[in-house]
Structure formats: C-alpha cells, structure tokens
S.K.: 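Before I ask anything, let me first share the structure, which is written out below as structure tokens.
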Amino acid sequence: AWGTYHGYGGPGEIRFVTGLTLHCRPTHISSSALGSPIQGTSWQFAISDEIQDTIGENGDLDGDIEARLRSAVGGRSKRFCTATAKDSSKFRDWKGKKISSSDWVIERMPYFANWAVWPEHWETMRRNLSEREFKRRCLALDLPPESAVYPAWDREKNLIEVPEVGARDVTAQVLKQYGNNISMLVGHDPGTRQDCSILLKAYQFPRERFHRWVVVDEVTTKGTSEKHAQTLLEVLQQKHGVNFPGPYEKKALIRCDPYGDSANKTDKSIYITFKLAGFDMRSAQYDSKGRGRGVIHREARIEMVNRLLCSATGERRLFVARGADGFPVARKLIHSFESSERDYAGKAENVKKGQDDLTHWTAALGYALWPTEKIHRVTPE
C-alpha cells in the first residue's frame, strides 16, 4: 500500500505512492578504475549505513555522495550516517574533518540506548568479548589497537590548530645551543624504499613553564636522498620561509639516524648529501668520542614520544597541527601513531622493512626530539 519495489537485477529502488523514490545503492568500490557506483544520480538526502566502510583505499564514495545531493530544495540537503568505530586513520581523518564543520554533529549510541535489543543480548556480549571490544561495539567508543605502540596518542587532544594568538614561537630559543636563527626542527629517517622528514616548531603559552612541540609538516619521497633533500628544501622555503641562503636567514636544524659502517646503519654519505644541499644535518645521538655514531635504543625513543604525547600526570607537550583544509598536516605520521602495534612477543617496530612499513615517520619524529627531550639527568629540587 505504501509503494512498489523495482529490483532491476540489483539493489533497485522503492517508489512510494507519495512520489518519493528511494534509491538503494551499494557502496563497495572494487577498484578506482571502475569508478563510482552512484554516478549519474541526483538526490535530496542520503542515508548511509556503516559509513566507515565507505571510506576505502580504492576511492572515497563519500565525496561522490556529497556531489549527488544537488536536488535538495534551496540546496539544503540532509545526511544521516551510521558508523561503528574503526581502527583506520583514513576513517578518523574523515570523521575529524566532518565534526570540525558546522554542517555535522556526532551522536553516540551506547547499547543501553537501544530499546530494540533484549538486555540479555548485551550481557552475553559483555561475557564473551574483551573489555576493549565491548567498549568499541557496545559503548561506541573510538579506541586505539590493544597492542598500540603509541597509546598516549589521542586524536581529539593531540590534533590541534596551529597557535596563532596567545602563543610565542620559541623554536629559536629552545635550539639556541645548536646555532643562531634556527626556526625549524626537522627529523629525518632515510629508508631503502622511501625517505621521510617531520617538521616541528616549539610554542610557549602564557603562564606555562614548558614549551610545546607542534608538527607542522611532513615530507615523504621515493627515490634518492638527493631528491628528498631537494624536495625538503623547496617545502621549507616555499611553505615555511626557512633555509634561504644568508647568515641572517631563518634556518632548519635536521636530526638524523646516527650513522655507522654496518649494512643496517645510515651511511655517512646521507649527511654529506644534505650538507651539499645547504642543510645543517646532525646525528640524533653522539658516542663518547663525540662522533655521530651513538645508539638510540628503540624502546627509549618510543617511551620519550609517548611521554611527550601524554605524561603520567596528563601533561601533553607534543601535537600535530591541522591544515587550512581541516585535515592533519602529517597524515602519514598519524597513521603510524594509530596503526603501529607490538608483535606477539611485545616488541615494537619488529616488522620487515618494506612498502608497508609504518616506522619511518615516528622514527623521524623521535630523532628530531631525542637530543632535547630525552631524560638526561635528575634535576635537583
């Protein structure tokens, strides 16, 4: 009595007696070559079920849905999306962008708000799921992996706007012991498949005794170290106004993986390549003889980064900035924060180096901060 269903051999559509037609469309994108499954349609509103699975590697169907909402009266379209918290940086980026807009709000629906399910079902889930899975599936909480290498990272607290009012750029003061006019700290991790650099600045707010580090950019390239150095120089000069020739120009200080002679150590030629490009590159750790061959223990570096993200007292001193588009300026770094997990033996960064390696960006960050933020000594009262 309400309408008729027309299948057409696929999801089809429902035509209501009121004149409204409800299109049913799949959201799976097999590959980017096949294009969007919703091309050529115009909608007044859209309802998306399990939207977290629409944000995939082969394409972003969400953008296609937005484009299809062109039939709404006065351009005021409406969307309703259901989602289950997903361990995906791509989905978290999407959610963060949406909720930063005035067009969107997020409502959490914990299990006790669902009147349509028997209470005994939730008790069964509580008994048979881990505490984490129960919180994720039943309390609608967005949680990091259970074996996360960086559990101190919290996207809602460590992802911020770049301070423009009320904060002083104190990068030069914090790094003055290493030279004059240093206004950018860079951590670099050379790799076999790709090289990456993390760019940071230090800020201090009124009445605070400490400074905060903010990641303001990241640079990732494939190819030679010479190519990466050139790309990094262009980014620093064109986007940040840093590292132009001249003794009074603002400079960048680069900290790199300590060098060595073994096959698994960074070759000193990397340092020479960057110096030829006009950079001041130094080792992140020196040995007892003053050579850049020092050792940075992996767990100590990870511990330092976690402490800066959130200390035991709840103090946060390390952040990632949002860009003008609302998205993080260092998406690969955040993906590394949110996706890095320890193996079954509890070891971190214990995977084979390759195309899917997540360690480059967090390692580069650690190299940048190690000389100034590692625990050197106990300060007397």
Side-chain angles (χ1 to χ4, degrees), residues 87-90 92-93 143-155 157-160 184-202 212-222 228 232 254-258 264-266 270 281 283-285 294-311 316-322 327-343 346-375:
D87 286 338
S88 165
S89 288
K90 194 174 183 68
R92 292 187 177 107
D93 282 345
L143 303 173
E146 286 183 287
S147 54
V149 177
Y150 297 94
W153 164 258
D154 187 329
R155 182 179 281 246
K157 297 177 180 178
N158 292 96
L159 183 60
I160 64 169
M184 186 75 72
L185 177 62
V186 181
H188 177 67
D189 184 39
T192 55
R193 289 179 175 265
Q194 54 193 357
D195 299 335
C196 75
S197 294
I198 301 296
L199 285 60
L200 301 104
K201 294 184 76 68
R212 303 167 184 257
W213 289 104
V214 180
V215 176
V216 296
D217 214 340
E218 68 180 4
V219 177
T220 305
T221 63
K222 294 183 178 180
H228 184 86
L232 177 61
I254 303 180
R255 292 290 185 179
C256 184
D257 185 18
N264 62 344
K265 297 290 288 183
T266 298
I270 302 295
M281 175 180 275
S283 173
Q285 178 66 38
V295 176
I296 301 175
H297 292 285
R298 182 184 306 162
E299 288 296 339
R301 168 171 55 80
I302 293 172
E303 169 80 10
M304 177 198 67
V305 172
N306 273 313
R307 172 172 51 83
L308 292 172
L309 288 170
C310 185
S311 70
R316 296 180 187 272
R317 294 186 48 230
L318 178 57
F319 304 86
V320 176
R322 283 194 181 92
F327 284 104
V329 297
R331 299 188 200 182
K332 292 183 181 295
L333 173 63
I334 289 182
H335 178 56
S336 182
F337 277 148
E338 296 177 342
S339 302
S340 297
E341 298 186 56
R342 296 180 180 275
D343 63 16
K347 294 182 178 181
E349 300 181 3
N350 199 35
V351 296
K352 185 178 180 180
K353 299 292 184 180
Q355 188 172 359
D356 299 326
D357 183 20
L358 297 170
T359 65
H360 287 300
W361 298 272
T362 47
L365 176 67
Y367 297 149
L369 296 171
W370 182 256
T372 56
E373 297 296 342
K374 67 181 178 181
I375 299 178

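These values consider heavy atoms only, across backbone and side chains, with no hydrogens, waters or symmetry-generated copies.
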S.K.: Is there side-chain contact between Arg317 and Leu308, with at least one heavy-atom pair below 4.5 Å?
M.R.: yes

S.K.: Considering only heavy atoms from C-beta outward, does the side chain of Trp153 approach that of Leu318 to under 4.5 Å?
M.R.: no

S.K.: For Phe319 and Arg212, which heavy atoms make the closest approach, and how far apart are they?
M.R.: CZ-NH1, 3.2 Å

S.K.: Kindly give the heavy-atom pair with the smallest separation between Trp361 and Ile198, and that separation in Å.
M.R.: O-CG1, 3.6 Å

S.K.: Step by step, would you call Leu199 with Leu232 a side chain to side chain contact (heavy atoms under 4.5 Å, CB included)?
M.R.: CA-CA 10 Å; Leu199 285 60; Leu232 177 61; 3.9 Å; yes

S.K.: Strictly distance-based, threshold 3.5 Å: is any side-chain N or O of Arg255 a donor or acceptor partner for the main-chain N or O of Ser283?
M.R.: yes

S.K.: What are the two closest heavy atoms between Pro328 and Arg155, and how far apart are they?
M.R.: CG-NH1, 4.4 Å

S.K.: Rounded to the nearest 0.5 Å, how far does CG of Asn306 lie from OG of Ser311?
M.R.: 11.5 Å

S.K.: Quick one: pull up CG in Leu333 and CD in Glu338 and give me the separation to the nearest 0.5 Å.
M.R.: 9.5 Å

S.K.: Taking the side chain as everything from C-beta on, heavy atoms only, tell me whether Leu369 gets closer than 4.5 Å to Leu185.
M.R.: yes

S.K.: My understanding is that only residues two or more places apart in sequence, or in another chain, count here; which of them pass salt bridge (Lys or Arg N to Asp or Glu O under 4.0 Å) with Glu299?
M.R.: Arg342

S.K.: If I take atom OH from residue Tyr367 and atom OG1 from residue Thr362, how far apart are they, to the nearest 0.5 angstrom?
M.R.: 9.0 Å

S.K.: What is the distance from atom CZ of Arg307 to atom CZ of Arg316, rounded to the nearest 0.5 Å?
M.R.: 14.5 Å

S.K.: Using side-chain heavy atoms (C-beta onward) and a distance below 4.5 Å, is Pro258 in contact with Val295?
M.R.: no

S.K.: Measuring from atom NE2 of His228 to atom CD1 of Ile270, what distance do you get when rounded to the nearest 0.5 angstrom?
M.R.: 10.0 Å

S.K.: How about Trp213 and Thr372: do any of their side-chain heavy atoms sit closer than 4.5 Å?
M.R.: yes

S.K.: Counting C-beta onward and ignoring hydrogens, is there a side-chain heavy-atom pair between Leu365 and Phe337 closer than 4.5 Å?
M.R.: yes

S.K.: Taking the side chain from His188 and the backbone from Cys196, do they hold a donor-acceptor pair closer than 3.5 Å?
M.R.: yes

S.K.: For the NE2 atom of His360 and the CD atom of Glu218, what is their distance to the nearest 0.5 Å?
M.R.: 12.5 Å

S.K.: Taking all heavy atoms of Asn158 and all of Ala152, pick out the closest pair and write down the distance.
M.R.: OD1-O, 3.7 Å

S.K.: Looking only at heavy atoms, what is the nearest atom pair of Arg322 and Val329, with distance?
M.R.: C-CG1, 3.8 Å

S.K.: Count the heavy atoms of every other residue, nucleotide or ligand shown that sit under 6.0 Å from NZ of Lys265, and state whether that count exceeds 12.
M.R.: yes

S.K.: At their closest point, which heavy atom of Ala368 faces which heavy atom of Val186, and how far apart are they?
M.R.: CB-C, 3.9 Å

S.K.: Name all residues meeting the salt bridge (Lys or Arg N to Asp or Glu O under 4.0 Å) criterion together with Asp257; count only those two or more places apart in sequence or in a different chain, and write none if there are none.
M.R.: none

